[in-house]
Amino acid sequence: MQKPSIPKGTRDFSPEEMVRRDHIFDTIKNVFRLFGYQPVETPAMENLATLTGKYGEEGDKLLFRILNSGNFLSKVSTDELEHMPPAALATRISEKGLRYDLTVPFARYVVQHRNEITFPFKRYQIQPVWRADKPQRGRYREFYQCDADVIGSRSMLNEVELIQIIDEVFARLGIKVSVHVNNRKILTGIAEYIGEAGNMMIMTMAIDKLDKIGLEGVVREMRAGGLSGEAIEKLQPILTMKGKLKERFPALQEMLKNSPTGLEGIQDTMTILKYLKDLGMKARFDLDLTLARGLDYYTGAIIEVLAEDVPMGSICGGGRYDDLTGIFGMKDVSGVGISFGADRIYDVMNEMGLFENLGVASSQVMFVNFGPEEERYCMNILQKLRQERITAEIYPEAAKMKKQMTYANNKNIPFVVLIGSEEMKNGRAGLKNMKTGEQHTIDTEELPDEFKKNSRAAGG
RNA sequence: GUGCAUGUAGCUCAGUCUGGUUAGAGCACCGGAUUGUGGUUCCGGGGGUCGUGGGUUCAAGUCCCAUCUUGCACCCCA
């Protein structure tokens with residue numbers, strides 16, 4: 001028999017890992033709710049027409065496509081099968097795909113349900129997404145995104161709140177982060193300023209890599225992309241611009257004074273950063289002109305969050321998209337959102353050792369099983385304990401004591417109750433503390449109070 | 001999609017360079033010391049088609065090729 005396995009880039013999660021993952025999800029969910037966001041879910045698969053063309057050329061390549069059911073070749077001739085380009089053939093034999101992110105399905109959702117929605121609509125969504133990427137550190141083929149989006153409002157207050165959410169989530173999780181903020185409109189303005197408006201994508205993709213490949217690398221890449229030497233020359237001071245925001249913004253405004261779009265981007269960004277400064281952020285935050293982000297649909301603010309202590313790439317990102325719903329037939333609806341990468345956050349926290357004091361979820365007490373009589377007797381006590389919200393279980397068979405004790409020990413169950421025939425007769429129970437090893441007998445009626453007392457003493 | 005590594009017990013790894021009896025260790029698991037007491041100790045035990053397929057050789061875990069897995073870099077990204 002072949003060893004069972006799971007597809008490349010996917011993972012199983014053990015109980016220990018689930019406790020930790022749930023901790024992340026719960027933290028994020030609680031903060032989302034705190035800011036008035038409401039949950040929605042969408043299907044794992046979407047029609048391919050919904051997904052294609054939204055993530056750029058690269059994104060399309062990374063879509064998982066689902067083969068049509070039944071005879072998926074019935075409408076394809078042998079000739080087409082042999083000579084059609086693979087991409088064209090793919091659309092003929094597959095009309096569904098796994099979602100690539102949560103933002104595009106959400107845009108589809110908003111358009112489809114527009115009459116039921118009160119705008120501005122603040123929604124959160126925590127679900128897995130799939131990308132046919134080659135897996136490596138911090139990159140999986142199935143991973144969870146935790147998204148919060150506001151749709152139907154152009155106010156920069158939304159950007160401010162989303163960054164506050166970021167700040168609060170990472171503070172609660174105990175990760176030190178830096179929040180990088182930029183604006184596509186500023187990038188557009190810069191492209192216009194250096195006389196390369198048509199090459200904006202090449203320019204932004206190149207400068208996005210500044211911290212990775214250095215200034216020379218960026219210059220090389222832009223030159224290869226067809227930007228003029230003059231333009232590159234003109235761009236350099238902007239890339240290396242340092243100093244306080246108070247100095248950088250006026251300098252930028254002066255440079256982009258002929259670009260209404262650029263000036264608008266600067267104004268928006270100033271508004272956001274001013275708010276954040278007044279509100280007092282726990283995380284470091286800054287204008288980062290080298291931040292570009294790849295997703296095609298961003299038009300305004302762009303946000304990216306990096307862990308300060310662990311190199312992991314972006315653990316949260318987002319931005320404003322002015323016309324994502326337009327593609328689905330609903331014009332002039334602006335949205336802005338962020339997305340937490342739960343799996344990367346997990347990896348960061350794991351490397352930082354932040355999970356160590358997170359116990360494994362398990363029962364607070366286990367009853368030893370001595371046989372049919374005792375079993376029946378204990379089941380009644382168990383029921384009473386559970387009614388008092390005390391997590392409790394009985395070992396399901398009358399196995400050897402050693403085996404039952406080992407089970408309790410391995411599951412980190414703090415208390416074991418022993419009720420044999422003697423105890424049954426006089427309504428008593430042996431109560432053993434697994435940490436200290438000490439044991440005494442008490443009346444079975446006292447058990448609920450005993451555990452409530454102990455759970456308080458244990459701090460939770 | 002491109003390049004480079006990697007794979008030996010449930011887990012972490014040694015053995016591969018330099019082919020040569022029956023492939024090892026630690027941890028985990030099971031049993032016993034201890035018939036109503038786990039976590040410490042001692043004793044014993046089960047476990048492996050050496051990722052898979054092919055090739056070279058008298059002989060392959062070891063060398064060669066292919067393939068898959070996992071990881072790293074690029075591309076891109078959470």
Determine the contact category for [X]: base if any of its heavy atoms lies under 4.0 Å from a base atom, sugar-phosphate if only primed atoms, P, OP1 or OP2 are that close, otherwise nothing.
{"X": "A/Gly9", "value": "sugar-phosphate"}
{"X": "A/Cys146", "value": "nothing"}
{"X": "A/Gln136", "value": "base"}
{"X": "A/Tyr140", "value": "base"}
{"X": "A/Gly59", "value": "nothing"}
{"X": "A/Lys8", "value": "sugar-phosphate"}

[N]: pairing nucleotide in any strand, Watson-Crick or G-U under 3.5 angstrom:
{"N": "B/rC4", "answer": "B/rG71"}
{"N": "B/rC27", "answer": "B/rG10"}
{"N": "B/rU37", "answer": "none"}
{"N": "B/rA78", "answer": "none"}
{"N": "B/rC63", "answer": "B/rG55"}

If the cut-off is 4.0 Å, is A/Lys209 near the phosphate of B/rC74, judged by side-chain N/O to OP1 or OP2?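 Checking B/rC74 against A/Lys209, no side-chain N or O comes under 4.0 Å of OP1 or OP2.
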
What is the distance, to the nearest angstrom, from the [atom1] atom on [X] to the [atom2] atom on [N]?
{"X": "A/Asp208", "N": "B/rC77", "atom1": "CG", "atom2": "C1'", "answer": "10 Å"}
{"X": "A/Tyr100", "N": "B/rC77", "atom1": "OH", "atom2": "C1'", "answer": "6 Å"}
{"X": "A/Tyr124", "N": "B/rA78", "atom1": "OH", "atom2": "C1'", "answer": "20 Å"}
{"X": "A/Ile202", "N": "B/rC76", "atom1": "CD1", "atom2": "P", "answer": "12 Å"}
{"X": "A/Ile213", "N": "B/rC76", "atom1": "CD1", "atom2": "C1'", "answer": "13 Å"}
{"X": "A/Arg11", "N": "B/rG71", "atom1": "CZ", "atom2": "C1'", "answer": "15 Å"}
{"X": "A/Asp133", "N": "B/rC74", "atom1": "CG", "atom2": "C1'", "answer": "12 Å"}
{"X": "A/Lys134", "N": "B/rU70", "atom1": "NZ", "atom2": "P", "answer": "11 Å"}

Using the [atom1] atom in both, what is the distance from [N] to [M], to the nearest Å?
{"N": "B/rG31", "M": "B/rG46", "atom1": "C1'", "result": "10 Å"}
{"N": "B/rG19", "M": "B/rA23", "atom1": "C1'", "result": "14 Å"}
{"N": "B/rU22", "M": "B/rG61", "atom1": "C1'", "result": "15 Å"}
{"N": "B/rU6", "M": "B/rU16", "atom1": "P", "result": "14 Å"}
{"N": "B/rG7", "M": "B/rG44", "atom1": "P", "result": "33 Å"}
{"N": "B/rC65", "M": "B/rG26", "atom1": "P", "result": "36 Å"}

Any residue meeting side-chain hydrogen bond (donor to acceptor under 3.5 Å, both in side chains) with A/Glu388, in chain and number order, not counting sequence neighbours: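 In terms of side-chain hydrogen bond (donor to acceptor under 3.5 Å, both in side chains), with neighbours along the sequence ignored, A/Glu388 is linked to A/Lys452.
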
Inspect the contact between [Y] and [X] and indicate whether a charged nitrogen and a carboxylate oxygen are less than 4.0 angstrom apart.
{"X": "A/Glu308", "Y": "A/Arg284", "value": "yes"}
{"X": "A/Lys209", "Y": "A/Glu221", "value": "yes"}
{"X": "A/Arg131", "Y": "A/Asp101", "value": "no"}

Write out all pairs satisfying salt bridge (Lys or Arg N to Asp or Glu O under 4.0 Å) with one or both partners inside residues 393-405 of chain A, taking only residues at least two apart or from two chains.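 Listed once each, the pairs are A/Glu393-A/Lys411.
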
Would you list the pairs meeting side chain to side chain donor-acceptor pair (under 3.5 Å) in which at least one residue belongs to residues 418-427 of chain A, sequence neighbours left out?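 Those involving residues 418-427 of chain A are A/Glu422-A/Lys425.
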
Given the structure, check if the side chain of A/Arg139 and the base of B/rC76 hold any donor-acceptor pair shorter than 3.5 Å.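 A donor-acceptor contact between them is present.
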
Identify all side-chain donor-acceptor contacts of residues 159-179 of chain A below 3.5 Å with residues at least two apart in sequence or on another chain.
residue: A/Glu159; atom: OE1; partner: A/Arg320; partner atom: NH2; Å: 3.0
residue: A/Glu159; atom: OE2; partner: A/Arg320; partner atom: NE; Å: 2.6
residue: A/Glu159; atom: OE2; partner: A/Arg320; partner atom: NH2; Å: 3.4
residue: A/Glu161; atom: OE1; partner: A/Lys122; partner atom: NZ; Å: 3.3
residue: A/Asp167; atom: OD1; partner: A/Lys282; partner atom: N; Å: 3.4
residue: A/Asp167; atom: OD1; partner: A/Ala283; partner atom: N; Å: 2.8
residue: A/Asp167; atom: OD2; partner: A/Lys282; partner atom: N; Å: 2.8
residue: A/Glu168; atom: OE1; partner: A/Lys282; partner atom: NZ; Å: 3.4
residue: A/Glu168; atom: OE2; partner: A/Arg172; partner atom: NE; Å: 2.8
residue: A/Ser178; atom: OG; partner: A/His180; partner atom: NE2; Å: 3.2

Side-chain H-bond candidate by donor/acceptor type, [X] with [Y], under 3.5 Å:
{"X": "A/Asp147", "Y": "A/Tyr37", "value": "no"}
{"X": "A/Tyr298", "Y": "A/Asn183", "value": "no"}
{"X": "A/Asn68", "Y": "A/Ser94", "value": "no"}
{"X": "A/Tyr140", "Y": "A/Asp347", "value": "yes"}

Among B/rC77, B/rC76, B/rG71, which nucleotide sits nearest the side chain of A/Arg131?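 Minimum distance to the A/Arg131 side chain belongs to B/rC77.
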
Does anything in residues 30-40 of chain A reach RNA chain B, meaning a heavy atom under 4.0 Å, and if so which residues?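 Nucleic-acid contacts, sorted: none.
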
Within the 4.0 Å limit for protein heavy atoms, which parts of nucleotides 32-39 of chain B are touched? Write it as a string from 5' to 3', B for base, S for sugar-phosphate only, - for none. S---BBBB

